[in-house]
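Numbering of ligands and ligand atoms starts at 1, following listing order. Predicted model only: the values in this text are computed from it and were never measured.
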Amino acid sequence: MKEMLALFGNDVFSTPKPERLIHTLLHIATNPNDLVLDSFAGSGTTGAVAHKMRRRWIMIELGEHCHTHIIPRLKKVIDGEDKGGITEAAAWKGGGGFRYFALAPSLITMDKYSQAVINKEYNAVMLTQAMCKLMGFTYAPSDSVYWQQGHSTETDFIYVTTQTLDQAQLAALSEEVGDNRSLLICCSAFRGKAEAFPNLTLRKIPRAVLTKCEWGHDDYSLNVQNLPLAEEEQVDIPTPRKLKAKAKAKAKSSEPSLFGGDDE
Ligand SMILES: C[S@@+](CC[C@H](N)C(=O)[O-])C[C@H]1O[C@@H](n2cnc3c(N)ncnc32)[C@H](O)[C@@H]1O
């Protein structure tokens with residue numbers, strides 16, 4: 001509380017943690033230059049202590065005190081103006097810096113029919129930047145070629161549009177792209193056979209976004225990419241109950257999905 005009063009006057013959090021406590025924890029658990037994550041940053045004590053202890057840090061905060069507390073506090077730490085907390089114990093004199101990012105609004109929202117749609121707050125540039133990021137492309141719009149909005153290699157490009165593309169438009173794009181280049185097209189919808197154009201890959205927005213992200217879980221801790229390997233191969237003996245459940249699951253998976261099945 002005293003540390004908070006020294007930094008912010010009367011405007012303090014009700015349950016601030018002393019810098020010394022975080023110092024002890026980071027001393028036990030981390031080494032200089034390690035990365036410390038505080039995804040509920042509050043008044044920024046963890047980041048301030050990590051900084052003074054020469055650890056790198058990431059803090060996340062949704063409250064306005066990000067601007068009223070965390071940023072001014074870390075600036076003081078960097079400028080060597082925060083003399084309190086563990087400054088003396090860590091022989092901290094100032095230095096370093098940080099970058100600050102504000103999250104964009106959600107790219108996908110639900111319309112009144114509970115259908116996933118592109119958020120109206122997104123303009124064309126924001127949408128293209130977001131799709132480049134999600135699909136692994138560098139956003140780099142060409143001045144002269146409208147469909148070259150980003151690239152993943154020198155010959156692989158991305159084109160994002162909210163239009164519905166028909167067969168004739170796809171054929172024209174395919175011809176322009178030619179044999180030695182490839183193009184990922186992210187559009188609202190397309191009419192025509194995607195496989196007719198080997199140099200084009202077609203993805204629908206928002207479907208392409210939804211398949212890249214996880215939504216609506218109570219618990220995001222299960223990372224399916226890093227599942228532990230089974231120790232022994234298990235032999236699955238089909239019992240009548242299992243066979244019934246399998247048939248039920250198969251019937252369910254063949255039901256048409258919300259966004260149609262003509263892309264991933
Ligand atoms: C008790 S404080 C955490 C204190 C902090 N870890 C420290 O080092 O002093 C919890 C903070 O989490 C923030 N918070 C709650 N939900 C959040 C969310 N979904 N994303 C980011 N911050 C969140 C609250 O605004 C609040 O400031």
Ligand 1 to I22 polar contact by distance, N or O atoms, under 3.5 Å: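 No; the residue has no nitrogen or oxygen that sits under 3.5 Å from a nitrogen or oxygen of the ligand.
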
Whether S39 lies under 4.0 Å from ligand 1, heavy atom: yes

Aromatic ring proximity, centroids under 6.0 angstrom, H151 and Y139: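 Between H151 and Y139, which both carry aromatic rings, the centre distance is not below 6.0 Å.
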
Spacing of D82 atom CG and K52 atom NZ [to the nearest 0.5 Å]: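 Between atom CG of D82 and atom NZ of K52 there are 3.5 Å.
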
Which segment of T46 sits under 4.0 Å of ligand 1 when only heavy atoms are counted: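 Both parts.
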
Atoms of ligand 1 close to D38 [distance to a heavy atom under 4.0 angstrom, numbered from 1]: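 Those atoms are 5 (C), 6 (N), 7 (C), 8 (O).
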
Ligand-residue contact atoms, ligand 1 with T45, heavy atoms, under 4.0 Å: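 Heavy-atom distances to T45 below 4.0 Å select 8 (O), 9 (O).
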
Main-chain N/O of V77 paired with W92 side-chain donor or acceptor, under 3.5 Å: yes

Pairing residues for D34 by the side-chain hydrogen bond (donor to acceptor under 3.5 Å, both in side chains) criterion, not counting sequence neighbours: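 For D34, no residue satisfies side-chain hydrogen bond (donor to acceptor under 3.5 Å, both in side chains) once neighbours in sequence are set aside.
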
Any residue meeting side-chain hydrogen bond (donor to acceptor under 3.5 Å, both in side chains) with T201, in chain and number order, not counting sequence neighbours: none

